[in-house]
There are 2 protein chains.
Amino acid sequence: MNQKARLDTIIHFLNEHQNISVDEACKLLDASPATVRRDFKLLSANGEVEKNWGGISRKIDYPSDMKPLTYRSTHFIEEKKAIARKASDLVQDGEVVMIDGGTTTLELSKILAHKKIRIITNSLLIVNNIHIERNGWEGAEVFLTGGFLYPDSGMLVGPEANKNLMGYHADWAFLSAGGINESGLTNSNQLVVETERTMIEQAEKTIVLADYSKIGIKSMCQVCGFDKIDRLVTNDKLEDEHFALLQANGLDEQNIILV
Amino acid sequence: MNQKARLDTIIHFLNEHQNISVDEACKLLDASPATVRRDFKLLSANGEVEKNWGGISRKIDYPSDMKPLTYRSTHFIEEKKAIARKASDLVQDGEVVMIDGGTTTLELSKILAHKKIRIITNSLLIVNNIHIERNGWEGAEVFLTGGFLYPDSGMLVGPEANKNLMGYHADWAFLSAGGINESGLTNSNQLVVETERTMIEQAEKTIVLADYSKIGIKSMCQVCGFDKIDRLVTNDKLEDEHFALLQANGLDEQNIILV
DNA sequence: ATTATTTTGATTAATTTTGAACGAATTAAA
DNA sequence: TTTAATTCGTTCAAAATTAATCAAAATAAT
């Protein structure tokens, strides 16, 4: 493996994980510590990663408008993956799934890409990742809604997107959360919220994926009340106060899936 | 295996993988290191790939979660770019443009991305590239059709895609060609051809982009006859025989734009 | 069929990269 | 604070990669 291939492998690894140590990289690249250190030095000199004692880590907080369709938040990657894995267990072969945009639902889509299901989404980022995950015609069939491409988030929104969603019927709607508070589910973009509402309408069951940092947070736009949420998948790092908030609104052990 | 075949094999390999080493290429091409190096040198001199110690890699290294649906290297890239540049001159600010999938139309979309126009397309590849090309909210507004994502080509097809296209009206339809022969425009995928037909219906003027290698070729599916083609943009390497073919079907100096 | 031209593969010397060793620097433990 | 254990960066010899040269093989032209 030559240098360029090694650097690519490291970057690829960091897209999936938060950080990588010298030892891990040695195994991954089949190279000596000296070489790995030289590679790390190169990457950090280029400003692509952050150097720290024992390894390197992803730079937190990309300027989001610079890398439009790539990963946003690099925080809680492992937590999000765990939540996604748990949520994916709900889905059986042959079912139809609607997936909202968001970093946690993105992880979910990577897993679901391998199942024999139909996926309907309005997120370009998710479609791109499914395309990478699966092999040609194997795995899930994908249906994308049409509509206006919202530049920042890479999501398709507007009346056309909604009309498209209304043309489909799904077993599950997997939604991401901007925040969950006493009034229910909220998100930051009005146009995206519209499509989320439509997904809720068109699906049998609505599942919300939210790591613990989202509970107690209120975003600008109201998506729906707790009555529409059938299941909430979240971390077990949940504070008592937040757990009480959920229970007071009708979500109990049955509906809350902790990972 | 001759040189042309080797270069094609390498390019094809690089469409699937990020990079290729000299050793890998030796096995893949059944050739000696010396020959492989000469090939690598050629490709990098042409600017088609990036040279690095121990091998070559794809020139444009977009974020890993967009790879398959982004750039695919091709031959005749400069010709295609030249055709795209010429075609883009037709479009004025404020107009609405439909763009078909294809490598030449892809180049066109990169140019049009910077104009103050509206772009309607059913190609994910094109949408991704526009997204990269322009800066957030600057440049063209993009509308994507919904539909079934055809795995290989990354295009949205099927009844939903057609219905979406029929909801829009455009000044221009820019189509790519699988082949152009005495019966008119042909392409290889039945479902894609359907959307191309719809684009022709919904646009004021239909422009076909085709490098000279496409003239005289017949693909499986008929898109339309010459009567629907308002302009053909192609190279001036056109053979006399092919030029005659075009003229015999009503395309003259007025309609054929040579670059 | 013969000759000229191009392409290929082996050889070699120069250059670059790599891995191991070791002292310096940093963190963790006592 | 002192000590032990990692980790880091650098040096240097070994290994790998490259470009150049040249003869053999393949291809094209006469």
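Here is the naming used below: chain letters follow the sequence lines, and residue numbers restart at 1 for every chain.
The nearest whole Å value for the distance from the CH2 atom in B:W53 to the P atom in D:dA15 is 18 Å. C:dT26 atom P lies 11 Å from atom NZ of A:K51, rounded to whole Å. Atom CD1 of B:I56 is separated from atom P of D:dT18 by 11 Å (rounded to the nearest Å). For the pair A:F40 CZ and D:dT7 P, the interatomic distance rounds to 12 Å; values are reported in whole Å. The interatomic distance linking B:R37 (CZ) with C:dT15 (C1') rounds to 12 Å, in whole Å.
With respect to A:K4 and A:D8, a salt bridge is recorded, a charged nitrogen being found less than 4.0 Å from a carboxylate O. Salt bridge A:K110/A:E107: present, at least one basic N to carboxylate O contact under 4.0 Å.
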Just the table, please: protein N/O against nucleotides 6-8 of chain C N/O, every pair under 3.5 Å.
| residue | atom | partner | partner atom | Å |
| --- | --- | --- | --- | --- |
| C:dT8 | OP1 | B:R6 | NH1 | 2.6 |
| C:dT8 | OP1 | B:R6 | NH2 | 3.2 |
| C:dT8 | OP2 | B:R6 | NH2 | 3.2 |

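When distances run from any side-chain atom of B:D23 to the nucleotides C:dA10, D:dT17, D:dG9, the shortest one goes to D:dT17.
Considering only side-chain N and O atoms, A:K4 lies nowhere under 4.0 angstrom from the phosphate OP1 or OP2 of D:dT17.
Rounding to the nearest 0.5 Å gives a distance of 13.5 Å between CD1 of A:I207 and OG1 of A:T105.
The closest donor-acceptor contact from the side chain of B:E50 to the backbone of B:I56 lies at 3.5 Å or more, if one exists at all.
Heavy-atom minimum distance, A:D252 versus A:Q247: CA-NE2, 4.4 Å.
Each of B:L185, B:L246, B:L209 was compared with B:L232 under the side chain to side chain contact (heavy atoms under 4.5 Å, CB included) criterion, and only B:L246 meets it.
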